[in-house]
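Below, each value reflects all heavy atoms present in this structure, side chains not excepted, and no hydrogens, waters or symmetry copies. Throughout, a chain's letter reflects where its sequence line sits, starting with A, and its residues are numbered from 1.
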Amino acid sequence: MTSTNSYFELVYEVTRNIPKGRVTNYGAIADFLSLGSARMVGWALNQCHGMPDVPAHRVVNRLGELSGRSHFKPPTAMASRLRKEGVKVKEDKVVDFELVFWHPREMNLE
DNA sequence: ACCGTGACGTGTC
DNA sequence: TGACACGCCACGG
């Protein structure tokens, strides 16, 4: 992490550390970085479009809704990826969101 | 340098 | 968690 990293690269860094089978929300990442707002996180992930090592599907909104699904190809990829990792998804919303929620504070610093 | 835009969140009803 | 206004801030035009 250097000062040359732009904001979205910081967001990618955090997103990469989201454990499989867990999810977080935009606000938690913004809060952890103490930079910008949740909107910035959404904006940053929007720019990631093709990065395979950035599990953007593990980032949802504060209600556990898959608000970014329409930016995936196909839009159903977000839900299917989560289900494949053991996260229950119903009606484009994470089931038991509180239980699978992960806060960047728990991140394993290496 | 101004303005619209957006994968959001909080407060209020 | 229904609806809506408002704050948020980097970016492209």
- [ ] Quick one: label Ala30(A) by what it contacts on the DNA or RNA (base, sugar-phosphate, nothing), any heavy atom closer than 4.0 Å.
- [x] nothing

Open item on the list: Once you apply a heavy-atom cut-off of 4.0 Å, does Asn46(A) come out as touching a base, just sugar-phosphate, or nothing?
Closed with: base

TODO: Report the distance from atom CE of Met40(A) to atom P of dC9(C), rounded to the nearest whole Å.
DONE: 8 Å

TODO: Measure across Ser37(A) and Tyr7(A) and return the closest heavy-atom pair with its distance rounded to 0.1 Å.
DONE: O-OH, 4.0 Å

Open item on the list: Nearest to the Ala38(A) side chain among dA7(B), dT1(C), dG9(B), which nucleotide is it?
Closed with: dG9(B)

- [ ] Rounded off to whole Å, could you give me the CZ-to-P distance for the Arg62(A) and dG2(C) pair?
- [x] 10 Å

Open item on the list: Tell me if the side-chain of Arg39(A) makes a donor-acceptor pair with the base of dG9(B), cut-off 3.5 Å, by modelled atom types.
Closed with: no

TODO: Could you work out which one of dA7(B), dG9(B), dC8(C) sits closest to the side chain of Met78(A)?
DONE: dA7(B)

TODO: Hey, can you tell me if Phe97(A) and Phe101(A) have their rings parallel, tilted or perpendicular (30° and 60° cut-offs)?
DONE: perpendicular

TODO: Can you tell me the distance, in whole Å, between the CD atom of Glu9(A) and the P atom of dA10(C)?
DONE: 15 Å

Open item on the list: Just the rounded figure in Å: distance from C1' of dC9(C) to CG of Leu10(A).
Closed with: 15 Å

Task: Under-4.0 Å salt bridge between Glu85(A) and Arg22(A) - done: no

- [ ] Nearest whole angstrom, please: distance from the P of dA3(C) to the CD of Glu65(A).
- [x] 10 Å

- [ ] Could you go through the salt bridge (charged side-chain N to carboxylate O under 4.0 Å, His left out) check for Asp96(A) and Lys88(A) one step at a time?
- [x] CA-CA 8 Å; Asp96(A) 294 327; Lys88(A) 305 284 204 303; over 6 Å; no

TODO: Please tell me which of Gln47(A) and Ser37(A) maps to the more 5' nucleotide of DNA chain C, matching each residue to the nucleotide holding its nearest heavy atom.
DONE: Ser37(A)

- [ ] Remember a base hit wins even if backbone is also touched, and classify Phe72(A) as base, sugar-phosphate or nothing at under 4.0 Å, heavy atoms.
- [x] base

Task: Asp92(A) with Arg69(A): basic N within carboxylate O range, under 4.0 Å - done: yes

Open item on the list: Rounding to an integer number of Å, can you tell me how far Leu66(A) CG sits from dA7(B) C1'?
Closed with: 10 Å

Task: Whole angstrom value for the distance that separates P of dC8(B) from CZ of Phe97(A) - done: 13 Å

- [ ] Using whole Å, report how far OH of Tyr26(A) lies from P of dC9(C).
- [x] 19 Å

TODO: Output the single nucleotide from dC8(B), dA7(B), dA10(C) whose closest atom is nearest the side chain of Trp43(A).
DONE: dA10(C)

